[in-house]
Every structure is written in C-alpha cells, then in structure tokens.
Amino acid sequence: MPIRAIILGAAAGGGLPQWNCGCPNCTLARAGTIPSLTQSSVAVSLDGSSWALLNASPDLRQQFARAPQLAPTDLRTSPLRSVLVTNGDIDHVAGLLTLREKQPFDLFATAEIQAALSGNPMMAAVDAALVPRRTVSLEMPFELLPGLTARLFPVPGKVPLYLEGAEVRTDLEGEQTVGVELSAGGTRILYIPGCARVTPKLAERIEGAEMVFFDGTLWQDDEMIRAGLGQKTGQRMGHISMSGPDGSIAQLGGLGIGTRVFVHMNNTNPVLRPDSAERAEAEGAGWIIAQDGMELTA
Ligand code: MLT
Ligand code: MN
Ligand code: ZN
C-alpha cells in the first residue's frame with residue numbers, strides 16, 4: 001500500500017500572512033494574490049482510514065476543518081490515531097492543546113521533547129490517560145500506524161526558542177530536533193521540517209528515498225535582516241537556506257530522491273510568489289513548493 005501524505009500547513013511559524021507582518025509576501029497573501037499558508041504540519045496514512053499527524057500546528061483546528069480525510073466518522077470517532085512531534089517549537093506543538101477534547105491517540109516524541117512538553121503545566125489539559133506519552137529513542141523503529149514504521153533520527157538544530165539560554169548552540173545533534181523516516185513495504189519517505197545543515201550522515205540517510213519533505217524556511221540566510229523584519233539569520237534559527245553551495249537545493253541534488261518537497265516556509269521566502277525567479281529556480285531543480293491541502297503519495 002502506498003504512503004499518503006497531506007500537507008496540512010506548508011508555512012513556518014507565523015504562517016502566511018503573519019498577523020503583524022506587512023512584508024510584500026504577507027501583503028500579497030492578505031490581498032488573495034498568492035495563496036495563504038497555515039503553519040507546519042503533515043498528515044500521513046497507509047489505508048486512508050487511520051491517520052497520524054507529523055507535528056501539531058497552532059492552526060490545527062482550521063486544518064482539520066478543511067481536510068475531509070480527517071473528519072469524524074461517527075459521534076466521537078476520529079480517524080486520528082497518533083501524533084508525532086519533531087521538536088518542541090511552538091509551531092509544532094501548540095496544536096496539541098486543540099486536541100484536548102477527550103480523544104484517545106498516542107503522542108510520540110523523544111525523551112527530551114516529551115520533557116519540554118511536560119515542563120509546561122498547560123499540557124496537563126491533554127489527559128495522559130487518553131493520550132499516552134510514548135517516548136521513543138533515536139533510531140528505534142516503532143509503529144506510528146498499523147503497518148507504517150517510523151524511525152527518528154537526529155538532525156542539526158537547536159532547542160526551542162522558549163528554552164534558549166544565554167548561549168545558543170544551533171548545531172546540536174541529539175534529541176531536541178529530529179527527522180522522521182517512514183517506511184512501508186519497501187517505500188521510504190522522510191520528513192525533516194527543521195535542519196541547520198546537511199551532514200554527510202544525513203545525506204546518506206536521505207539517499208534514494210521515494211519522497212522527502214524538507215526544511216524550506218528561507219531562500220537565503222540573511223533574508224529576514226534584508227527585509228528589515230528581524231535580526232536573526234537562518235543559521236541562528238537552526239535553519240538551512242535553499243540557495244547557495246551549502247543550501248538544500250545543492251546539498252540534496254544528486255541523492256536520487258524520488259519526490260522532493262519544501263515545507264515549513266517562512267513568510268519572507270520569495271519562492272512563495274509563483275512568479276518569482278527563485279520559485280522558478282527551485283522548481284527547475286526538481287522541488288515542489290508545498291501548498292496547504294496538497295496530497296502526495298509514494
Ligand atoms: C523555528 O522553526 O525556528 C521556530 O518555529 C521559531 C519559533 O519558535 O518561532
Ligand atoms: Mn518552526
Ligand atoms: Zn511577512
């Protein structure tokens with residue numbers, strides 16, 4: 001059976017448009033000239049009747065409302081079986097609070113991410129009796145859905161913004177930021193929405209995958225500074241850029257990937273404008289720019 005994936009939200013934290021942003025992309029999205037995007041989440045399924053979420057976005061309610069595949073099939077019967085979070089960032093976990101309505105599902109994450117979640121007293125509203133916290137070790141295979149095997153692996157990144165101390169390391173490789181490898185019947189798909197750089201080990205892992213969803217936060221590292229929107233580079237935020245010799249387009253070229261899809265795109269990224277030169281360049285290199293509601297199969 002093929003693996004199905006629905007892009008519930010293609011944007012990075014803030015979405016497109018971001019509530020307080022008047023940048024060209026946000027202005028175009030507000031006017032309806034380019035598509036608006038909700039925040040980072042993908043739903044996956046093998047059989048189309050039970051689904052798992054990869055990250056729980058703050059826009060989860062809206063994302064469920066417009067995905068017929070995720071609609072309840074009976075009074076209180078949801079096709080949602082499990083949720084897996086790949087880091088503790090707010091754009092990936094705040095939607096868990098929306099899932100507090102007495103619905104059983106499994107919540108999978110590394111021990112470090114589970115600790116970030118349980119360190120927030122508000123998370124107690126998501127009843128652990130109904131939503132067991134399943135702690136998974138790196139590289140340990142587990143069943144995300146019946147027949148769908150998942151494996152978490154470390155990718156270079158940092159701790160969530162709200163856990164940053166005085167000194168921030170953005171190249172940590174451990175349990176704080178992970179990628180997910182999903183496999184079923186010999187098909188492998190990878191989901192890596194946050195990644196500071198492509199290491200040889202990561203390239204090896206990605207090689208030959210049928211489908212890869214990858215960190216598309218920024219086109220270039222100083223994009224937010226140039227736009228006059230902030231002081232942070234992509235590297236400071238733990239995100240690789242699409243362009244340049246160390247960028248994802250170059251680094252993931254030649255790895256024999258079947259379908260490659262950019263997700264988690266920041267509202268400043270020029271690829272979000274369908275008529276931009278950067279969009280043409282990314283698509284010319286074989287990348288799909290994810291849009292909300294898009295369904296892909298591998
Ligand atoms: C990120 O992806 O860098 C974070 O989501 C940023 C944030 O927490 O706002
Ligand atoms: Mn994010
Ligand atoms: Zn903006």
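Keep in mind that this is a model prediction, so the values were computed, not measured. In listed order, ligands and their atoms are each counted from 1. Note that these values count all heavy atoms, side chains included, but never hydrogens, waters or copies made by symmetry.
- Using a 4.0 Å cut-off between a side-chain N of Lys or Arg and a carboxylate O of Asp or Glu, Glu181 and Arg151 qualify as a salt bridge.
- Of all heavy-atom pairs spanning Ser50 and Ser45, the tightest one is O-OG, 2.7 Å.
- The closest protein non-hydrogen atom to atom 5 (O) of ligand 1 is Asp91 OD1, 2.9 Å.
- Neither side chain, Gln39 nor Asp91, offers a donor N or O lying under 3.5 Å from an acceptor on the other.
- Judged by distance alone, the side chains of Asn55 and Tyr191 do bring a donor and an acceptor atom under 3.5 Å apart.
- Gln220 and Glu278 share no side-chain donor-acceptor pair at under 3.5 Å.
- In summary, Asp91 places an N/O/S atom under 2.8 Å from the Mn ion (ligand 2), meeting the contact criterion.
- For atom 4 (C) of ligand 1, the nearest protein heavy atom (residue, atom name, distance) is Asp89 OD2, 3.1 Å.
- For His92, the heavy-atom gap to ligand 1 stays at 4.0 angstrom or more.
- Atoms of ligand 1 lying under 4.0 Å from any heavy atom of His264, numbered from 1 in the order shown and given with element: 2 (O).
- Taking both residues in full, the closest heavy atoms of Ile249 and Ala285 are given as CG2-CB, 3.6 Å, listed atom of the first, atom of the second, then distance.
- Of all protein heavy atoms, the one closest to atom 7 (C) of ligand 1 is Leu161 CD2, 4.2 Å.
- Ligand 1 places these atoms under 4.0 Å from at least one heavy atom of Met237: 3 (O).
- No donor-acceptor pair closer than 3.5 Å links the side chain of Thr149 to the backbone N or O of Glu143.
- The Mn ion (ligand 2) has an N, O or S atom of His264 inside 2.8 Å of it.
- The closest protein non-hydrogen atom to atom 2 (O) of ligand 1 is His239 NE2, 2.8 Å.
- With 2.8 Å as the limit, Asn267 counts as an N, O or S neighbour of the Zn ion (ligand 3).
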